[in-house]
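Here is the structure we will look at.
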Number of protein chains: 2
Amino acid sequence: MSSAPQYQKLQQKLKSQILSGMYTDGDLLPSENELSRTHSLNRVTVRHALSVLEQEGYITKRQGKGSVVQLKRNSLGLLSFKGFTEVVGSAQHTVKTQILYGPQSLNWPAPFFYELNGSESEAGCIYLERLRFADEDAVMLEHTYIPDLDLPAFSSRKLINDSLFATLALQYGVEIMNMEQDVRAVLADPSVAEKLMMEPGSPLIHLYRKYGTNRGNFYIYSSIYCNTQKYAMGSFIS
Amino acid sequence: MSSAPQYQKLQQKLKSQILSGMYTDGDLLPSENELSRTHSLNRVTVRHALSVLEQEGYITKRQGKGSVVQLKRNSLGLLSFKGFTEVVGSAQHTVKTQILYGPQSLNWPAPFFYELNGSESEAGCIYLERLRFADEDAVMLEHTYIPDLDLPAFSSRKLINDSLFATLALQYGVEIMNMEQDVRAVLADPSVAEKLMMEPGSPLIHLYRKYGTNRGNFYIYSSIYCNTQKYAMGSFIS
DNA sequence: GAGTGGTCTAGACCACCTG
DNA sequence: AGGTGGTCTAGACCACTCG
């Protein structure tokens, strides 16, 4: 693993520190010159690491000021690929996650909404059903499917900061690298409507998501229903 | 204007060449070394320009190969901030745009869905209503609002490649830099349903969009309805 | 083997912010 | 004035792709 480039090591180290709470929203990271000194790296390399973090939305840079940690987004930025807790958790919205089922190992549902490769099919699947609240309103019902590959004792873990992504990163070294999703508008069927505490037949956003990770063939899958009657799903792309 | 950094000038030059059709999907851009020679820039600076293009989704890089122009996305990638024609236009989908109204100058609707600043309010607004087809199916109804600021004769122009963004870039030097959107699920009201040729009460995705540009206080606004019954809206984020 | 992008260094000047 | 990020150069070695 020492083959990973220096900028990536630094980026993931800083990301871990942010996710673990060592730096929180609004904090300044050490300056580029200081990171350069303490890690014996050229400033260009440090800048490369920071630019990746900036792209991922963990920091913003301000000239003359520094690199500012940024864990929140405007409104409910659920189209970006950061986890729910990191995106929505902020002073503006109080966030709660209720686990309705799991995490538990079981067989993959068939048919599955994305095509699985051989090793994924052979390994079981860890299933997780969570209901997300913003300001006491149920806004999101998420079904998550994780291949049971090299994740010892995952089912019995407690999620760090209630965040699946933070847990995977800190406990198993799994970093989310990208995300692909299909978005549709659907009408709530009775069972989904009941969990989201809304009328059957109301409009919902439905997402199929496939997250790519730093492990080559390891993906995480989600099917997500979002109630947008009170909160829109916001996103900012640059 | 010579104050713009070198990497930005190069990036916008390449972007213009891509948008104007000088390079099309799958073409290779000149190599980094060649761009470095022909523009008398260091390779690091060239790489900076290319990395911005890559972030914007106009190219992908392949080691040992080169920088490949990429104008299409998987399925209907309408959550990224490239224009409809650039994203959806590909071998897989035939694309058509029908202008239902405008472009025409008029007053801003009140209330407007985003807050306008002073100069935007004073200038009129150029309004445009377009219906988008993928494979002969109406999939998108877009209402676009552009502040009438320093855009001479815009109403009488023909759109280049049927693309609003390409026209703004090539004719007026306006580059789209970022995008912010709110996403909701709604039920089709009769007038929207009729234009999208669907049943009233069907579920639709509704987007409010605000595009930022390279002109500091110049934004473009859109309200968009998407029929996702046949085509999902896909997106890939990394 | 020649060319491509990927990583990295050492040093420089600038624009911006804050005490 | 001193520190911060923003831009840029000249050179180097590596990993990958292709003929």
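Everything quoted here is computed from the prediction, not taken from an experiment. To find a chain, count down the sequence lines: A is the first, B the second, and so on, and within it residues start at 1.
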Ring-ring centroid check B/Tyr219 B/Tyr114, cutoff 6.0 Å: no
Starting at the 5' end of DNA chain C, which residue's closest nucleotide do you reach first, A/Gln8 or A/Gly64? A/Gln8
Aromatic rings B/His48 and B/Tyr7: how do their planes relate, parallel, tilted or perpendicular, breaks at 30° and 60°? parallel
Does the gap between the ring centers of A/Tyr211 and A/Phe165 come in under 6.0 Å? yes
Just to confirm, is there a sub-4.0 Å distance from OP1 or OP2 of D/dC16 to any side-chain nitrogen or oxygen of B/Lys65? no
Indicate whether OP1 or OP2 belonging to C/dT7 is found under 4.0 Å from a side-chain N or O atom of A/Tyr7. yes
If you compare every side-chain N and O of A/Ser31 against the phosphate oxygens of D/dG3 (OP1, OP2), does one of them come in below 4.0 Å? no
So A/Arg62, base contact, sugar-phosphate only, or nothing? Heavy-atom distance under 4.0 Å. sugar-phosphate
Aromatic contact between A/Tyr172 and A/Phe218, with the criterion being ring centroids under 6.0 Å apart: yes or no? no
Nearest whole Å is fine: how far is D/dT9 C1' from B/Gln6 CD? 12 Å
Between D/dT9 atom P and B/His39 atom NE2, what is the distance in whole Å? 13 Å
Quick one: does B/Arg43 reach the base of C/dG6 with a side-chain donor-acceptor pair under 3.5 Å? yes
Without decimals, in angstroms, what is the distance between B/Gln63 CD and C/dG5 C1'? 5 Å
For a quick test of reading the model: is some side-chain N or O of B/Thr45 closer than 4.0 Å to OP1 or OP2 of D/dT7? no
Between A/Ser67 and D/dG5, is there a contact of a side-chain N or O with OP1 or OP2 at under 4.0 Å? yes
Between A/Arg47 and D/dG6, is there a contact of a side-chain N or O with OP1 or OP2 at under 4.0 Å? yes
Integer-rounded Å distance: C/dG5 C1' and B/Glu54 CD: 10 Å
Options C/dT9, C/dT4, C/dG6, nucleotide nearest the side-chain atoms of B/Lys61: C/dG6
